[in-house]
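Input: a single structure, listed below in structure tokens.
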Amino acid sequence: MAALADAPGSFWQTLADESARPPADWRARALRNSAGDAHATFLLERGNEPMGMVDVHQPSLAPEFRELAAMWVAPALRGTGAADALLDVAVEWARTVSAIGVRLWVVPDNTAAVRIYIRHGFELIGDPESDPDDPAGKVYVPMLLTLDKEEAALPTFLARALAPWTDESG
Ligand SMILES: CC(C)(COP(=O)(O)OP(=O)(O)OC[C@H]1O[C@@H](n2cnc3c(N)ncnc32)[C@H](O)[C@@H]1OP(=O)(O)O)[C@@H](O)C(=O)NCCC(=O)NCCS
């Protein structure tokens, strides 16, 4: 909710909707995202205060990939390398669960996000698309980090990476 309050233009979820979730829902998602190879959320904390996060999950229409979402660093920690640390741990987790690539969608004029993803090896792989689940009607571009070079050489690789987005983060 801190991320949504700080950067509503970066995400498709809204602060109003997330604030309305009951505690049991938060607990269920925390439990789901803390174990297994389908879904992981990493938090960056200073003391007990969450200062950053990233979510990585298995998209049901592209299960051999992992999808990076909900990337956020508190303004006080921007430009410190905190975002690099979060991205590194997310990608490392994707490698350990044998994902063949990590995909994500980003608002194209979100320069800081696009630049850090490019610095970590992500490439733009498609045109801007609007997200029907985004009440603000923002557009997003797909980016991909290839993890498995043999799979990447297959002619179907890009189409598999571009399998439609589904609402599975959180
Ligand atoms: C995206 C985010 C995690 C990046 O963290 P960060 O600490 O700002 O990252 P960095 O300091 O490594 O900056 C990344 C790049 O953007 C540049 N940059 C930073 N702020 C910028 C700004 N306001 N305008 C333009 N470029 C900017 C940096 O110079 C750096 O470029 P470089 O790689 O060429 O050196 C952070 O900005 C954030 O939480 N933003 C709000 C939420 C968000 O947009 N999440 C992404 C959703 S897809």
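Indexing begins at 1, ligand by ligand and atom by atom, following the structure's order.
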Check your understanding: With backbone taken as N, CA, C and O and side chain as the heavy atoms from C-beta onward, which portion of Y117 lies under 4.0 Å from ligand 1: side chain, backbone, both, or neither?
Key -> side chain
Check your understanding: N/O of R115 under 3.5 Å from N/O of ligand 1, yes or no?
Key -> yes
Point to revise | Side-chain touch R160/L154, heavy atoms, less than 4.5 angstrom | key: yes
Point to revise | Numbered atoms and elements of ligand 1 in range of T111, under 4.0 angstrom, heavy atoms | key: 25 (C), 26 (N)
Exercise for review: Check each heavy atom of A7 against ligand 1 and say whether those closer than 4.0 Å belong to the side chain, the backbone, both or neither.
Suggested key: side chain
Study note, to complete from the structure: A student comparing V73, L77, V107 should find that the heavy atom closest to atom 39 (O) of ligand 1 comes from V73
Point to revise | Nearest non-hydrogen protein atom, atom 46 (C) of ligand 1 | key: M71 O, 3.4 Å
Check your understanding: From atom 41 (C) of ligand 1, is the closest protein heavy-atom distance below 4.0 Å?
Key -> yes
Check your understanding: Is there at least one pair of N or O atoms, one from F11 and one from ligand 1, spaced under 3.5 Å apart?
Key -> no
Practice item. Flag V106 as yes when one of its N or O atoms lies below 3.5 Å from any N or O atom of ligand 1, and as no otherwise. Key: no
Check your understanding: At a 4.0 Å threshold, what atoms of ligand 1 neighbour a non-hydrogen atom of I116?
Key -> 9 (O), 12 (O), 14 (C)
Check your understanding: Among protein heavy atoms, which lies nearest atom 38 (C) of ligand 1, and at what distance?
Key -> R78 NE, 3.3 Å
**Study point:** Side chains of N33 and H57, donor plus acceptor under 3.5 Å
**Key:** no
Check your understanding: Does some side-chain heavy atom of V102 sit less than 4.5 Å from a side-chain heavy atom of F65?
Key -> no
Can you give the donor-acceptor pairs under 3.5 Å from side chains of residues 142-149 to other protein atoms, not counting sequence neighbours?
from	atom 1	to	atom 2	distance (Å)
D148	OD1	E150	N	3.0
D148	OD1	E151	N	3.0

Practice item. Report, as yes or no, whether the 6.0 Å neighbourhood of atom CZ on R78 holds more than 12 heavy atoms from other residues, nucleotides or ligands. Key: yes
Point to revise | Within reach of ligand 1, part of R119 (heavy-atom separation under 4.0 Å) | key: side chain
Review point. Taking the six-membered ring for Trp, are W12 and W165 parallel (under 30°), tilted (30 to 60°) or perpendicular (over 60°)?
Key: perpendicular
**Study point:** Check: D84 N/O within less than 3.5 Å of ligand 1 N/O
**Key:** no
Point to revise | Is_contact(atom 28 (C) of ligand 1), protein non-hydrogen, under 4.0 Å | key: no
**Study point:** Side chain to side chain, L44 and L77, heavy atoms closer than 4.5 Å
**Key:** yes
Check your understanding: How far is atom 16 (O) of ligand 1 from its nearest protein heavy atom, and which residue and atom name does that atom have?
Key -> A112 CA, 3.2 Å
Practice item. Give me the one residue out of V139, D127, L124 that meets side-chain contact (heavy atoms from CB on, under 4.5 Å) with P108. Key: V139
Review point. Is it the case that W105 and E129 place a side-chain donor and acceptor less than 3.5 Å from each other?
Key: no
Check your understanding: Which option out of A3, A69, A83 puts a heavy atom nearest to atom 5 (O) of ligand 1?
Key -> A83
**Study point:** Protein contact to atom 7 (O) of ligand 1 [nearest heavy atom, distance to 0.1 Å]
**Key:** G79 N, 2.9 Å
Review point. Which of the atoms of ligand 1 are close to N110, meaning less than 4.0 Å from one of its heavy atoms?
Key: 43 (C), 44 (O), 46 (C)
Practice item. Would you mind checking if E18 and R21 are paired as a salt bridge, meaning a charged N to carboxylate O distance below 4.0 Å? Key: yes
Practice item. Please write down residue, atom name and distance for the protein heavy atom closest to atom 43 (C) of ligand 1. Key: S10 OG, 3.3 Å
Check your understanding: Side chains of D6 and W72: donor-acceptor distance under 3.5 Å anywhere?
Key -> yes
Check your understanding: Which residues pass the side chain to side chain donor-acceptor pair (under 3.5 Å) test with S34, sequence neighbours left out?
Key -> none
